[in-house]
Amino acid sequence: MISRLLSHDLPNSRALAFILGVLFLALLFAPFWVPSIKALNLAAKVLIFILLVASFDLLLGYTGIVSFAHTMFFGIGAYGVAIATNAWGPSWSAVITGALAALGLSALLALAIALFSLRVRAIFFAMITLAMAAAFQTLASQLSEITGGEDGLNFRLPELLNPSTVWWEGNPFGINFNGKMLTYYLIFVAVLLLFLALLRIVNSPFGSVLKAIRENEFRAEALGYRVVHFRALSSVLSALFATAAGVLLALWLRYNGPDTSLSFEIMLDILLILVIGGMGSMYGSIIGTVIFILAQGYLQDLLRMASGLAKGIPFLPALLSPDRWLLWLGLMFVLAVYFFPQGIVGRLRDKKQ
Amino acid sequence: MTASVQPVSNHRGHLETQGLSVSFGGHQAVREVSCRFAPGTLTCIVGPNGAGKTTYFNLISGQIPATAGRVLLDGKDLTRLPASARAQAGLGRAFQLTNLFPGLSVRENIRLAVQAARQGPHRRGFNLWSIANDHTALNEEADHLLELVSMTPLAVSTAASLSHGNQRKLEVALMMALDPAVYMFDEPTAGMSADDTPVVLDLIRTLRAKGDRTLLLVEHKMDVVRELADRIIVLHQGALVADGDPATVMASPVVQEAYLGSAADAGVE
């Protein structure tokens, strides 16, 4: 049963299965055990990024396409909800219309990029996507009447999802059963279903052709697979899943701006997460995301503690200053790539054999 | 020059090239090669190194676009179609330089070829919502082909980890999996060990005995050519210089001069 849900693509490593099980339970019960709003925000961000990174894995890890336009689709999803609810008020129909319009736009854009540029060499394709993403980011911050410009858009969502909507008052657990929690579970279920869908796609006959194209596109073509069609479909699918992640982000933040969903930094984060977790194995996106977001969220606190402990020792406190957290994150990345060139998941699976 | 061997046949696989040519820069690698190939015949294509044999294959199977001329399969013009469409039309190709999916398992390599060539619920790879491993018919066929090339114990190894000889066998198995109307072997036994060579030659013999496939074979080893060829064509500097039954072609002065002289040099390399 579980094997079918996972499309028979099991973790294939006891350690990996254990870690995934723990993470699943931790995220499932996050609203009940995490100590702060900040922690719950991180949990939601983990969920959304798992989907975002997994959708990028379909493109990079499975099809072998290097694209820098992935945050563009993420942003389109977030802006879709933001603009629609801003214009039509906090109704479900506005949310759904915004999401559907965003999905449609993403599909069209991805198809256009794919058909115009997937025939060229990989490096040119990467450059074209980079230019598209930059143009789109500029467009989003310039069209301030629609998008709110650099400031972005604050918007309200249907009442059911509001933090002030409490639907079980005075419950025995002493926990807030409110709209925020409902939003969390909406995101949890959506991410779970979409992740399983991605797992299904990469293990389908279509997915095996994608892997063949990654391995040797020339031979895939010689066997009778029209490579450009498969690549285009893979690009469109990947864009759609990224757009869905953007929609979920907007639902959680009730805000969207260029820096939250379109920035190039997010694109780099996605790449880093995928490389750390392991390309070409959907599970890599889960492991990578958890490590990366926890590091991002707590490395500064950890460094503050460490530099406190190191007081009195020369140089060390300065080196461990919380302001240096990016340095340490970078160092962790270098070490991860050095020791696990296949990513953490690749490493765990290798050990078994 | 016309084809001398063309038995009447209802089978698919009547391949024809008309004035097929290609130039790279100023160099004409294949010059107006017109030739017909019929089902039930194994044609060996011989010629010195650089004569354009592999390029001729590439023009037929679509890896390189032709500058002039046409490629016809059963009367249908394939000249403007991409390689994938030609493969689906029935042109199977095994490459001289091994050309596999290195990171995938041996079984997955073959399964991909089987999936590409068969009609079925897998929709030749455009089925996104079923699990590949559930298509048991494809898996069974892949396993059968593995057995045929005696590689069953290697099913789960990656193609990259195989020995050269096994990679060559897998290369041939990929084409067999397509079960095409036209088989194009490009030096299938080059660099193979004495153990592996007979396996591949047996496969070719079996195909030839079936009598309903069009077989094209680029081959340097003259003993193989003598044993297998129903017909030999000779390419020299991109042009077709001889065509006919093996005994006649081998004896013709143009071959003695153009090919066998150079073949002696080629043997030294």
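Here is the naming used below: chain letters follow the sequence lines, and residue numbers restart at 1 for every chain. Since we're looking at a predicted model, the values are computed, not measured.
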Highest number of heavy-atom pairs under 4.5 Å with chain A: which of B/Glu171, B/Arg86, B/Met175? B/Glu171

Does any backbone or side-chain atom of B/Leu128 lie under 4.5 Å from a heavy atom of chain A? Answer side chain, backbone, both or neither. both

Take atom OH of A/Tyr185 as the centre, draw a 6.0 Å sphere, and report whether it contains more than 12 heavy atoms from other residues, nucleotides or ligands. yes

Return yes when atom NE2 of B/His144 has more than 12 non-hydrogen atoms of other residues, nucleotides or ligands closer than 6.0 Å, and no otherwise. no

What part of A/Arg214 gets closer than 4.5 Å to chain B, counting heavy atoms only: side chain, backbone, both or neither? side chain

Tell me whether A/Met279 at atom CE has more than 12 heavy atoms from other residues, nucleotides or ligands lying less than 6.0 Å away. no

So what's closer than 4.5 Å to chain A heavy atoms on B/Ser61: side chain, backbone, both or neither? neither

Using the side-chain contact (heavy atoms from CB on, under 4.5 Å) rule, pick out the option among B/Leu146, B/Leu162, B/Leu170 that qualifies with B/Asn109. B/Leu170

I'd like to know if B/Arg93 pairs up with B/Asp186 as an ion pair, taking the criterion as any Lys NZ or Arg NE/NH1/NH2 lying under 4.0 Å from an Asp or Glu carboxylate oxygen. yes

Could you tell me whether A/Lys211 and B/Glu108 make a salt bridge, using a distance below 4.0 angstrom between a side-chain N and a carboxylate O? no

With a 4.0 Å cut-off, would you call B/Asp134 and A/Arg200 a salt bridge? no

Answer with side chain, backbone, both or neither: which region of A/Leu237 has an atom nearer than 4.5 Å to a non-hydrogen atom of chain B? side chain

Can you check whether anything in residues 62-80 of chain B gets within less than 4.5 Å of chain A, heavy-atom wise, and list it by number? B/Gln63

Among the listed options B/Ala87, B/Ser130, B/Ala113, B/Ala83, the residue most often paired with chain A at heavy-atom distances under 4.5 Å: B/Ser130

Ignoring hydrogens and geometry, is there a side-chain-to-backbone donor-acceptor pair from A/Tyr225 to B/Leu112 under 3.5 Å? yes

